[in-house]
Amino acid sequence: MEFHNISIQDLGGYVSLVTIERPKKLNALNKETIAELHQVFVSLENDDQVRVILLIGSGEKAFVAGADIAEFASFTIEQGKDLAEKGQKTLFDLIENFSKPVIAAINGFALGGGLELAMACHIRYASENAKMGLPEVSLGLIPGYGGTQRLPQLVGKGRAMEMILTGGMISSTQALEYGLVNRVVPQEELLISCLEIAKKIVQNAPSSASAAIKAINSGFAGNDGYSKEITLFGSCFGTSDFIEGTTAFLNKRKPEF
Ligand code: COA
């Protein structure tokens, strides 16, 4: 598949790197980029050779500086609603509920739709120079790609209110303190650090990663997470990964998933 705004690189060891390639526009998410990211994730879902995805922005300045403001500047109410709905369903929800762990490597500005994209990922690492914020109120908007829901889940309601109502940016150090990112590293070490955690994940059962993501997300989506956990826990017993994991343990060898 050919993409204009996305590149995919196989890093080996079941890890794939997806890069958003619009550096001149600080990787802003226009319609085409969102559609391409959707296609990329659908193809990665079906690729047995991929078990963890790293998502990064091209260049050294930005992860993603938001939705493309130029594209929606003349939108009507209906078009605005459609933009948020399509974006949420085709990309942001797709990533949040992806069956394989997705790690955001926040290598610079993650603003608006860019921070929302990082928040839809399962784990976030940031470089020291990264800046994060939801500045939509400065444009007469509110976050539309899930930001009003995911930010309070990650940092708490009070901090989310402050970030969204002021529209201000926070540093990666503050994001770490808030729990918005899991770790902060120098920019040149960002991908290596993400790769290290990806390698740890890959050693575990892929079907367990998928079930864990579903179970964790379930309660946040307003469902009975405890009951979902029971069902998913039970279904693990029917997988070949479970047979391999327990057999390996009992035979004192490393499992091969
Ligand atoms: N949508 C469309 N274009 C964007 C963009 C966005 N969200 N963010 C940056 N760009 C474009 C700029 O228009 C500029 O394009 P140009 O060179 O053709 O004029 C280019 O990317 C570089 O950005 P610039 O503003 O010149 O860089 P900077 O270093 O001075 O400022 C930011 C960086 C991130 C502070 C600034 O670009 C910004 O505020 N962007 C918008 C952030 C935002 O409000 N996002 C939420 C959208 S809902």
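Counting starts at 1 for both ligands and their atoms, in listed order.
Not a single side-chain hydrogen bond (donor to acceptor under 3.5 Å, both in side chains) links Asn204 to another residue, sequence neighbours left out.
Side-chain atoms of Ser172 and Glu128 form no donor-acceptor pair, as typed in the model, at a separation below 3.5 Å. Side-chain N/O atoms of Asn107 and Ser127 include no donor and acceptor closer than 3.5 Å.
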Show me the donor-acceptor pairs, under 3.5 Å and distance only, between side chains in residues 44-60 and residues at least two apart or in other chains.
unit_1: Glu45; atom_1: OE2; unit_2: Ser99; atom_2: OG; d: 2.2
unit_1: Asn46; atom_1: ND2; unit_2: Val42; atom_2: O; d: 3.2
unit_1: Asp47; atom_1: OD1; unit_2: Gln49; atom_2: N; d: 2.8
unit_1: Arg51; atom_1: NH1; unit_2: Phe257; atom_2: O; d: 3.2
unit_1: Arg51; atom_1: NH2; unit_2: Phe257; atom_2: O; d: 3.0
unit_1: Ser58; atom_1: OG; unit_2: Ile20; atom_2: O; d: 2.9
unit_1: Ser58; atom_1: OG; unit_2: Asn27; atom_2: OD1; d: 2.9

Output side-chain donor-acceptor pairs under 3.5 Å for residues 140-155, partner residues at least two apart or in another chain, one line each.
unit_1: Arg150; atom_1: NE; unit_2: Glu96; atom_2: OE1; d: 3.3
unit_1: Arg150; atom_1: NE; unit_2: Glu96; atom_2: OE2; d: 3.0
unit_1: Arg150; atom_1: NH1; unit_2: Tyr145; atom_2: O; d: 3.4
unit_1: Arg150; atom_1: NH2; unit_2: Asp93; atom_2: OD1; d: 3.0
unit_1: Arg150; atom_1: NH2; unit_2: Glu96; atom_2: OE1; d: 2.9

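Judged purely by atom type and a 3.5 angstrom limit, Thr166 uses its side chain to pair as donor or acceptor with the backbone of Gly168.
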When you check ligand 1 against the protein, what N or O pairs turn up below 3.5 Å? List the atom names and distances, or just say none.
unit_1: ligand 1; atom_1: 1 (N); unit_2: Ala67; atom_2: O; d: 3.4
unit_1: ligand 1; atom_1: 1 (N); unit_2: Ile69; atom_2: N; d: 3.0
unit_1: ligand 1; atom_1: 7 (N); unit_2: Ala65; atom_2: O; d: 3.0
unit_1: ligand 1; atom_1: 7 (N); unit_2: Ala67; atom_2: O; d: 2.9
unit_1: ligand 1; atom_1: 15 (O); unit_2: Lys25; atom_2: NZ; d: 3.3
unit_1: ligand 1; atom_1: 18 (O); unit_2: Lys25; atom_2: NZ; d: 2.5
unit_1: ligand 1; atom_1: 21 (O); unit_2: Lys24; atom_2: O; d: 3.4
unit_1: ligand 1; atom_1: 29 (O); unit_2: Lys61; atom_2: NZ; d: 2.6
unit_1: ligand 1; atom_1: 45 (N); unit_2: Ala65; atom_2: O; d: 3.0

